[in-house]
Amino acid sequence: MTATQCHPRLLIVGTVPYNRQSTSRAFDAYFHGWEKENLAQIFSDPADPVKGHCGTLYQITDRRMLSRWLDKKVNTGRRYDYADLVEEGSVDHRSETETDSGIVSHLRKLGQGHSPLFHLLRKALWRKRYWNTPEFNTWLEDFNPECVFLSFSNDFFILEIALYVAEKFDIPICSSTGDDYYFDDKFSLNPLWYLYHEWYKSLNRRVFRHKGSAIYIGDKIRDKYNSAFGLDGETVYLVSDIKRRDFRPIDSENFTVRYFGNIEYGRNNSLCDVATAFGLINPRIRVEVYSGESNPQIIAPLQSHPNIDFRGRIPYQEVMDKTIDSDILLVVEGTTKSDINSTRYALSTKVADSLASGCNIVGYGSIECGAIEYIEKIGCVVMGHNVDTMEQALRELLNRTDLQRSNYDKAAQIFEQNHTREQSNARVERIIRRLVAKNQTHA
């Protein structure tokens, strides 16, 4: 492949193939405007990719690796060039999971809870490097990357492949870190957890010792990792495509409250607390919850709550339309120790969407959770940490148009300061260009 030399040739290594909307929407800001000839990706997700940012992709799946391990003559990788890809949304994506059977099916069921046993079995599956084929190396050499962009996950092989490429071409790694996999030193009765975690941490250290830098989802995780590993990484906040509406005072007798997104990690219980607080103000208020969650145990508290309407999954365009049409948007996190440990650094796209929208934002959860800490810090959100404080804060919001207006103006300022696509795109480009230029200088 002959790349147009405008941006550096960047090889993304991650689990899911990036595209513009349906998956990894946040990363569009990182690579928006980057020539597709200068973007490539290695990924392990079994679904076929679609047209997106990358001009070429290379897929290596568990199923093919297992088939090769069982001595079947199969190629563990598959190359996709841009001309081979379909437009996003034009057809249903094919997936190897549709034809999985036997041991592969059992492994996938085992991995649904991301158990240490699953990760160790997966490590054993990948350790012989059946992915390292002549076809794979030819694809790499055709692209000839100048930098690796590693989207961190808790899978060993994603890190190992990123290191292999970086060492093969003597190029830097830019790590994208949004979750605290390394310092997740939780207590477990399962000895396999400690074995998995120590091996994983050792591999992390190898990545961070390699020349490069990092980007982070927020300042909290940035400061922790930069300090621990001597990095100079920067925060690149998530962005939103939502267009800001004009200011609109809340009609305290008739208003709409909505929540969009993940309801795991105690968010379902926190939504119930917020709905209870609204019910104390007016029993007729119904909080609309939109989520693709299908686990009956997680959904049950919402479906049984008298002040919640659980409405399931809707298309993203409808999410944007309903977001703009809302009076109040909710940002919630769980409050138990386990919930906090899972969301300590989380800062989802719903925060950026809420700040972009011009709607009133209400936050609820532990201050130790990344999203709650952030929205309380920026000071344009009504906050509550239990039902009583939530009720009091909501009554004040509903009765004070001046507070609504002040929060509207502050949110607009914070969005322009931290969450525009142009700002995030420019920051990522600057970091990558700096790494490539430094590497070429020392070559």
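What's counted below: heavy atoms across the whole structure, side chains too, no hydrogens, waters or symmetry copies. Because the structure is predicted, anything quoted here is derived from the model rather than measured.
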Taking 4.0 angstrom as the limit, do Glu333 and Arg267 come out as a salt bridge?
-> yes
Do the rings of Phe229 and Tyr225 sit parallel, tilted or perpendicular, given the 30° and 60° boundaries?
-> tilted
Pi-cation contact, Phe247 with Arg405 (under 6.0 Å, within 45°) | yes
Please state whether the rings of Phe278 and Phe255 are parallel, tilted or perpendicular, taking 30° and 60° as the class boundaries.
-> tilted
How long is the span from the CD1 atom in Ile250 to the OG1 atom in Thr401, to the nearest 0.5 Å?
-> 8.5 Å
Qualifying residue, where the test is ring-ring contact (aromatic ring centres under 6.0 Å, His included) with Tyr164 and the options are Phe169, Trp131, Phe157 | Trp131
In terms of ring plane angle, is the pair Phe43 and Tyr80 parallel, tilted or perpendicular, where the classes change at 30° and 60°?
-> tilted
Return yes if some donor-acceptor pair links the side-chain N/O of Lys211 with the main-chain N/O of Pro172 below 3.5 Å, else return no.
-> no
If you measure from the Lys or Arg side-chain nitrogens to the Asp or Glu carboxylate oxygens, is any gap between Arg248 and Asp327 under 4.0 Å?
-> yes
Under 3.5 Å, side chain of Glu293 to main-chain N/O of Gly312, donor-acceptor pair present?
-> no
So, is the end of the Lys36 side chain (NZ or CZ) under 6.0 Å from the ring centre of Tyr82 and within 45° of the ring's axis?
-> yes
Sequence neighbours left out, what passes side chain to side chain contact (heavy atoms under 4.5 Å, CB included) with Pro315? Give chain and number order.
-> Glu318
In this structure, are over 12 heavy atoms from other groups packed under 6.0 Å from Arg433 atom CZ?
-> yes
Determine the interplanar angle of the His419 and Tyr237 rings, folded into 0 to 90°, and report it as parallel if under 30°, tilted if 30 to 60°, perpendicular if over 60°.
-> tilted
For Ser357, check side chain to side chain contact (heavy atoms under 4.5 Å, CB included) against everything at least two apart and list the hits.
-> Ile242, Thr323, Ile324, Leu329, Cys359
Using a strict cut-off of less than 4.0 Å between a Lys/Arg side-chain nitrogen and an Asp/Glu carboxylate oxygen, indicate whether Asp219 and Arg222 qualify as a salt bridge.
-> yes
Residue from Phe208, Tyr345, Tyr216 passing ring-ring contact (aromatic ring centres under 6.0 Å, His included) with Phe152 | Phe208
Contacts satisfying salt bridge (Lys or Arg N to Asp or Glu O under 4.0 Å) that involve residues 278-287 (not counting sequence neighbours) are Arg286-Asp309
Starting at OG of Ser175, measure out to CD1 of Ile173 and round the result to the nearest 0.5 Å.
-> 6.0 Å
